[in-house]
Amino acid sequence: MKALSAAELDRLILDATRAIPFGGLRSYGSLARQLGLPRGARRVARALAGNQDPDLPWHRVLRAGARIAFPPGSAGFAEQRRRLIAEGHRFVGARVIAVHSDADALDAALWSPDR
DNA sequence: GAAATGACGCGTT
DNA sequence: GAACGCGCCATTT
């Protein structure tokens, strides 16, 4: 098994993020595990922080418990909340409530963020 | 090379 | 359920 360079890993993380469908939600930890990084949540966050793709749906990536990772009140927090609401989601404080009826998002609706 | 930092996660209190 | 603390990981100071 070839070891992945930091840049390659970043690319994989960004690709996995792009694969999240409209209305879908994933957590940093879940995303990390999918890529074989059991404790790589922070690594995923690092990759998103350095992304340059304006079309990257980074707002669909949440912290455990479906909470926004940015500090409440920060610009990032407001931006992410705005984008998620634009996709039909609802909020209770920093917590995101997935509200979708199509089968594609059923996954996200039932998805438990920390598992 | 040690200490601090951050878009994290989880058990405790 | 909120606040806190500690562990994890890579980067930066």
Side-chain angles (χ1 to χ4, degrees):
Chain A
M1 203 28 210
K2 175 186 175 302
L4 299 86
S5 71
E8 289 175 317
L9 186 51
D10 276 355
R11 189 179 57 73
L12 283 178
I13 293 173
L14 296 183
D15 281 347
T17 302
R18 274 183 209 100
I20 305 174
F22 182 97
L25 298 172
R26 295 294 299 279
S27 71
Y28 293 90
S30 166
L31 209 43
R33 281 197 300 271
Q34 176 187 329
L35 299 174
L37 306 170
R39 271 84 201 163
R42 301 196 92 132
R43 184 65 188 74
V44 171
R46 181 98 206 93
L48 291 188
N51 102 87
Q52 303 179 20
D53 183 354
D55 293 330
L56 186 78
W58 56 267
H59 54 283
R60 296 173 190 155
V61 183
L62 303 171
R63 210 172 168 168
R67 291 167 190 289
I68 288 190
F70 291 103
S74 67
F77 184 97
E79 173 68 7
Q80 186 167 19
R81 184 177 61 178
R82 188 184 69 73
R83 292 193 182 205
L84 288 174
I85 288 177
E87 297 199 355
H89 294 293
R90 306 211 27 203
F91 276 80
V92 176
R95 208 222 231 85
V96 184
I97 308 299
V99 180
H100 280 284
S101 48
D102 43 319
D104 206 347
L106 180 59
D107 233 68
L110 299 177
W111 165 69
S112 193
D114 52 350
R115 263 270 46 222

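Chain A is the first sequence line, chain B the second, and so forth, proteins listed ahead of strands; every chain is numbered from 1. Just so you know, these numbers come straight off a predicted model, no measurement behind them.
Spacing between atom CD1 of A:Ile13 and atom P of C:dT11 amounts to 11 Å, rounded to whole angstrom units.
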Can you pull every protein N or O that's under 3.5 Å from an N or O on nucleotides 3-8 of chain B?
| from | atom 1 | to | atom 2 | distance (Å) |
| --- | --- | --- | --- | --- |
| B:dG6 | N9 | A:Arg42 | NH2 | 3.4 |
| B:dG6 | N7 | A:Arg42 | NH2 | 3.4 |
| B:dG6 | N1 | A:Arg42 | NE | 3.4 |
| B:dA7 | N6 | A:Leu48 | O | 3.4 |
| B:dA7 | N3 | A:Tyr28 | OH | 2.8 |
| B:dC8 | N3 | A:Arg42 | NH1 | 3.0 |
| B:dC8 | N4 | A:Arg42 | NH1 | 2.7 |

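A:Ala94 is linked by a side-chain contact (heavy atoms from CB on, under 4.5 Å) to A:Phe77, counting only residues two or more places apart in sequence or in another chain. Taking the salt bridge (Lys or Arg N to Asp or Glu O under 4.0 Å) definition, one finds that A:Arg43 meets it with A:Asp10, sequence neighbours left out. Partners of A:Asp53 by salt bridge (Lys or Arg N to Asp or Glu O under 4.0 Å), not counting sequence neighbours, listed by chain and number: A:Arg18. Applying the salt bridge (Lys or Arg N to Asp or Glu O under 4.0 Å) test to A:Arg11 and every residue at least two apart in sequence or in another chain returns A:Asp15.
Pairs of residues two or more places apart, or lying in two chains, that qualify as side chain to side chain donor-acceptor pair (under 3.5 Å) and include a residue from residues 71-81 of chain A are A:Glu79-A:Arg82, A:Glu79-A:Arg83.
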